[in-house]
Amino acid sequence: MLAGNMQLMADPVDSGIGMTSRRTRERLIQRLSDAGIQSQEVLQVMRHLPRHLFVDEALASRAYEDSALPIGRGQTISQPYTVALMTQALFEHCRPDTVLEVGTGSGFQTAVLASLVRRVYSVERVCELLERAQQRLGSLKMRNIRFRHGDGAEGWREYAPFQGIMVTAAPRGVPRMLAEQLAPGGAMVMPVGEGGQQMLVRVVRGADGFEQEILDSVSFVPLLTGVA
Ligand code: SAH
């Protein structure tokens with residue numbers, strides 16, 4: 001079952017033309033499916049989200065390619081395949097009611113999560129990116145998201161624990177404060193490592209502690225400290 005936002009998201013699908021048309025989007029979904037994304041729920045959400053609204057207008061024609069694109073301040077909107085893979089990995093393990101996202105960036109991954117769970121808590125260290133993402137998600141009427149300008153490695157204590165945590169920038173190792181804010185039975189998906197050597201890991205909090213599983217090799221911008 002999808003959260004309420006899917007109804008609201010249905011309209012923009014038909015408004016795209018040319019490179020943002022329904023057919024262009026469908027090609028991307030087919031590609032994600034061919035690449036091994038099996039969650040119909042995730043594919044369905046991504047089919048309806050207008051990714052071209054999450055990048056600069058000059059890049060809108062490339063929004064439905066399966067690639068990361070620049071969003072300013074040296075950051076990127078993640079590749080659609082990676083967004084789908086991470087979301088699927090988070091949901092495979094449990095059905096989170098609340099998710100903490102670290103690294104709002106463009107807000108696209110935030111929108112995917114907000115379409116699937118009751119509430120998303122999203123932390124971004126770059127004020128300018130956060131404000132832009134907030135505007136986009138507001139204009140898409142996605143209201144089940146709380147935003148914070150801060151260092152996401154510290155999590156968001158006020159609303160912890162979270163059943164799901166997703167980190168979209170790579171720390172060198174799993175930040176302890178984030179692991180501590182994971183609810184028992186909850187799962188956390190994040191890239192870990194430096195440069196081209198990162199691994200996508202899933203950390204699950206069991207009754208006796210944490211279990212870590214390596215899912216894939218990935219390439220993310222680094223998780224930085226402090227705010228900007
Ligand atoms: N999911 C985003 C990915 C953006 S790139 C998208 O698809 O658009 C990673 C983001 O993490 C950047 O916006 C960067 O500013 C942010 N980031 C890096 N370190 C951070 C930290 N410690 N706390 C919060 N955000 C951080």
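Counting starts at 1 for both ligands and their atoms, in listed order. Being a predicted model, the structure only gives us computed values, none of them experimental.
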Among all protein heavy atoms, pick out the one at the shortest distance from [atom]; state its residue, atom name and that distance to 0.1 Å.
| atom | answer |
| --- | --- |
| atom 4 (C) of ligand 1 | Thr76 O, 3.1 Å |
| atom 23 (N) of ligand 1 | Gly152 N, 2.7 Å |
| atom 11 (O) of ligand 1 | Gly103 CA, 3.2 Å |
| atom 12 (C) of ligand 1 | Gln75 OE1, 3.2 Å |
| atom 20 (C) of ligand 1 | Arg125 CD, 3.3 Å |

Would [X] and [Y] pass as an ion pair if we require N to O under 4.0 Å?
| X | Y | result |
| --- | --- | --- |
| Arg205 | Glu211 | no |
| Asp151 | Arg125 | no |
| Glu65 | Arg27 | no |
| Glu180 | Arg176 | yes |

Going by the atom numbers of ligand 1, which of them fall below 4.0 Å from some non-hydrogen atom of [X]?
| X | answer |
| --- | --- |
| Gly150 | 23 (N), 24 (C) |
| Gln109 | 1 (N) |
| Val221 | 5 (S), 9 (C) |
| Leu129 | 13 (O) |
| Val126 | 15 (O) |
| Ile77 | 6 (C), 7 (O), 8 (O) |
| Ala169 | 11 (O), 18 (C) |
| Ser106 | 6 (C), 7 (O), 8 (O) |

Exercise. Determine the minimum heavy-atom distance between Val123 and Gly155, stating which atoms define it.
Key: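 Minimum heavy-atom separation between Val123 and Gly155: CG2-O, 4.4 Å.
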
Are [X] and [Y] side-chain neighbours, meaning at least one heavy-atom pair lies under 4.5 Å?
| X | Y | value |
| --- | --- | --- |
| Arg146 | Trp156 | yes |
| Arg119 | Tyr121 | yes |
| His93 | Val204 | yes |
| Ser217 | Gln198 | no |

Quiz item: Which one holds for Glu124 and ligand 1: side chain close, backbone close, both close, or neither close, with close meaning a heavy atom under 4.0 Å?
Solution: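 The part of Glu124 near ligand 1 is both the backbone and the side chain.
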
Quiz item: Closer than 4.0 angstrom: is that true for some heavy atom of Thr104 and an atom of ligand 1?
Solution: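 For ligand 1, residue contact (heavy atoms, under 4.0 Å) with Thr104 is present.
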
Using a plain distance cutoff, I'd like to know if [X] has any nitrogen or oxygen under 3.5 Å from a nitrogen or oxygen of ligand 1.
| X | result |
| --- | --- |
| Val83 | no |
| Leu224 | yes |
| Ser78 | yes |

Exercise. Would you kindly say whether Thr110 and Glu101 are connected by a side-chain donor-acceptor distance under 3.5 Å?
Key: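 Looking only at side-chain atoms, Glu101 and Thr110 do form a donor-acceptor pair, the distance falling under 3.5 Å.
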
Quiz item: Taking atom types as modelled and ignoring hydrogens, do the side chains of Ser39 and Gln88 form a donor-acceptor contact shorter than 3.5 angstrom?
Solution: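 Their side chains do not contain a donor-acceptor pair, so the 3.5 Å distance test is not met.
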
Exercise. Applying side-chain contact (heavy atoms from CB on, under 4.5 Å), run through Thr87 and Gln109 and close with a yes or a no.
Key: CA-CA 8 Å; Thr87 311; Gln109 173 78 73; 3.0 Å; yes

Practice problem: Closest by any non-hydrogen atom to atom 1 (N) of ligand 1: pick that one out of Thr225, Thr168, Leu130. | Solution: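 That would be Thr168.
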
